[in-house]
Each structure stands twice: as C-alpha cells, then as structure tokens.
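For reference, the structure discussed in these notes is given below.
Indexing begins at 1, ligand by ligand and atom by atom, following the structure's order. Since we're looking at a predicted model, the values are computed, not measured.
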Amino acid sequence: MIIVIDGPAGSGKSSTAKAIANRLGIKFLDSGALYRAITYLWLESDKPGKAEFFENLSNVRLQADYRDQTFYVQADGKNLTDKIRTKYVADHVSEIASYKTARRFVNEFMRNLVKEDTYIADGRDLGTAVFPDADLKFYMDASLKERAKRRFLEMKASDESITLEDVMENLRSRDEKDQNRENDPLKKADDAIVIDTTGKSFEEQVQEMVSIIKENVNLN
Ligand code: DC
C-alpha cells in the first residue's frame, strides 16, 4: 500500500508525510534522501562517467529504514543519514537526479521497498512516474515566498550567514531544474489531490490530509 505526496522544494512534504506516518502507524519513505545518498556516493567516488556510475550502483548495498521518526540511509553498512543533509550534497543533487540511470536505480529501489509494508512517500514524480497506481496521491504547494520563509527559519538555526534571498534563489533554481528536466519532471498527477498550504498551520494541513486518507484508503 502506498500513498504519495509530490510537490516543489520547501512545500512541507517531508515533515507532513512524517507526521501523517506517525499518526497512522505507517512508514515514511523520503525519496529525496535516496537521491541525496547517491549524490553523496558520486561526490565521494573517483568520479567516473555519471551515467555508468549510476548504471553500476546495484553493486552498492543501499539500505533505507524509517524508525524513531528518522529516515535512515546506509550504503555498504556506512550510515549516510547526516552526511546527505549538507550544502555540498544539496548543491549537486538536482543535476544528479536528472540522469536517467540514477532515476532508474532509485525507482527500482523504492518499488522493492514498498512491497513489504504500508508507506507514505514524498517526492517530485511519485504519482506520475514511480507509482502511477498509488492508492492515494497528493500534490502539496505553497507560494515561493512562503516556502522560502519556512526553509529560512529551519536553516538559520545551523547557518547564521544564510539570508532569505539566498534561500529563495536556491528554491527558485531547484524548482526550475526539477520542473524542466527531461526525465520524470516535477508534475502534478491528473488524479492527485492538491493541498495548498499557503496560510495554513502545520496542524491544519496534517489534519486535512489524515481525514482524506481515512475517507479514501483502507489501512487495515
Ligand atoms: O526532497 P529533497 O529536497 O530532499 O530532494 C532533493 C532533490 O532530489 C530535489 O532537488 C530533486 C530530487 N528528487 C527528484 O528528482 N525526484 C524525487 N522523487 C525526489 C527528489
């Protein structure tokens, strides 16, 4: 069983999906974390051709697990969970995620993972390309200004030099890359329910989505 949430960067998908997973007692799958993990592996490698690198990634034992409200990622037994949240990785992930071989690897990994349990997953192309037959699809959005404000408040705690303008520019450029790439761009699925979170509190949006899930999906 799989419920998906797609939407642009900073629309609140991950934190909302996590809160919903906890309330419903299901698992959370963070597809962006998988793209970040393979980006980290590429950056730490001796950087052969990218297409070939991702084609041969099946030699790496990638593991993902959701517990204690954290989505853990490991490669060959090494914990990458914190390493993938750096600016170093964030600056390269959109480019890496545009490679067909990288997308094929991540998609196959996710399709295998969800066979074993009930998941709510967040990403960009889950309802369109990865799980077109998902049990329920959401598309979360908010204005660029509101998304940037939220991200800025999160990032300011660990990086005092960051400005709201920096964050807005990073989101704008990532949205543009994610929406215009050739392979599986960010796009609302025709049958996705749109949740616009501009002006809504976190609790309001979580409640709204939990109610929709309970009305539409049999979780037992
Ligand atoms: O959700 P996030 O910001 O952690 O995602 C990091 C990047 O991964 C994002 O800029 C685009 C890419 N991504 C993708 O191409 N497809 C997905 N399903 C999820 C993320």
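Every atom of ligand 1 with a heavy atom of Arg36 under 4.0 Å away is listed here by number and element: 2 (P), 3 (O), 4 (O), 6 (C). Listed by number with element, the atoms of ligand 1 under 4.0 Å from a non-hydrogen atom of Gly123 are 18 (N), 19 (C). Listed by atom number, the atoms of ligand 1 under 4.0 Å from Ser31 heavy atoms are 17 (C), 18 (N), 19 (C). Atoms of ligand 1 lying under 4.0 Å from any heavy atom of Ala97, numbered from 1 in the order shown and given with element: 12 (C), 15 (O).
One finds no salt bridge joining Arg111 and Glu108 here, because no Lys/Arg side-chain nitrogen approaches an Asp/Glu carboxylate oxygen to under 4.0 Å. Asp178 and Arg181 are joined by a salt bridge, as a carboxylate oxygen and a charged side-chain nitrogen come within less than 4.0 angstrom of each other. We find that Lys83 and Glu44 are not joined by a salt bridge, their nearest charged nitrogen and carboxylate oxygen being 4.0 Å or further apart.
Summarising the geometry, atom CZ belonging to Arg172 is positioned 9.5 Å from atom NZ belonging to Lys177; distances are rounded to the nearest 0.5 Å. Here the straight-line distance linking atom CD of Gln63 with atom CG of Asn79 works out to 10.5 Å at 0.5 Å rounding. In this structure, Met155 CE and Thr163 OG1 are separated by 10.5 Å, a value rounded to the nearest 0.5 Å. Atom CZ of Phe202 sits about 11.0 Å away from atom CD of Gln207, to the nearest 0.5 Å.
Counting heavy atoms closer than 4.0 Å to ligand 1, residue Arg181 contributes side-chain atoms (C-beta onward) but none from N, CA, C or O. Contacts of Asp30 with ligand 1, taken as heavy-atom pairs under 4.0 Å, are absent altogether. Residue Lys177 does not touch ligand 1, judged by heavy-atom distances below 4.0 Å. For Lys13, no heavy-atom contact with ligand 1 is shorter than 4.0 Å. Residue contacts with ligand 1, taken as heavy atom pairs separated by less than 4.0 Å, involve Arg124 via backbone and side-chain atoms alike.
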Evaluate Phe54 against Phe105 for ring pair (Phe, Tyr, Trp, His ring centres under 6.0 Å), listing each step before the verdict.
CA-CA 7 Å; Phe54 298 116; Phe105 174 81; 8.2 Å; no
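Atom 20 (C) of ligand 1 has its nearest heavy-atom neighbour, among Ser11, Gly32, Ser98, in Gly32.
Under the 4.0 angstrom criterion for non-hydrogen atoms, Ser94 is in contact with ligand 1.
Scanning all protein heavy atoms for the shortest distance to atom 16 (N) of ligand 1 gives Arg103 NH2, 3.0 Å. Scanning the protein heavy atoms around atom 18 (N) of ligand 1, the nearest turns out to be Asp125 OD1, 2.9 Å. Protein heavy atom at the shortest distance from atom 10 (O) of ligand 1 is Arg174 NH1, 3.0 Å.
Side chains of Ser15 and Arg150: no donor on one and acceptor on the other come within 3.5 Å. With hydrogens and angles left out, the side-chain atoms of Tyr35 and Arg103 include a donor and acceptor closer than 3.5 Å.
Not one N or O of Tyr35 is nearer than 3.5 Å to an N or O of ligand 1, by distance alone. Where the criterion is an N or O separation shorter than 3.5 Å, residue side chain and backbone included, Arg151 fails it with respect to ligand 1.
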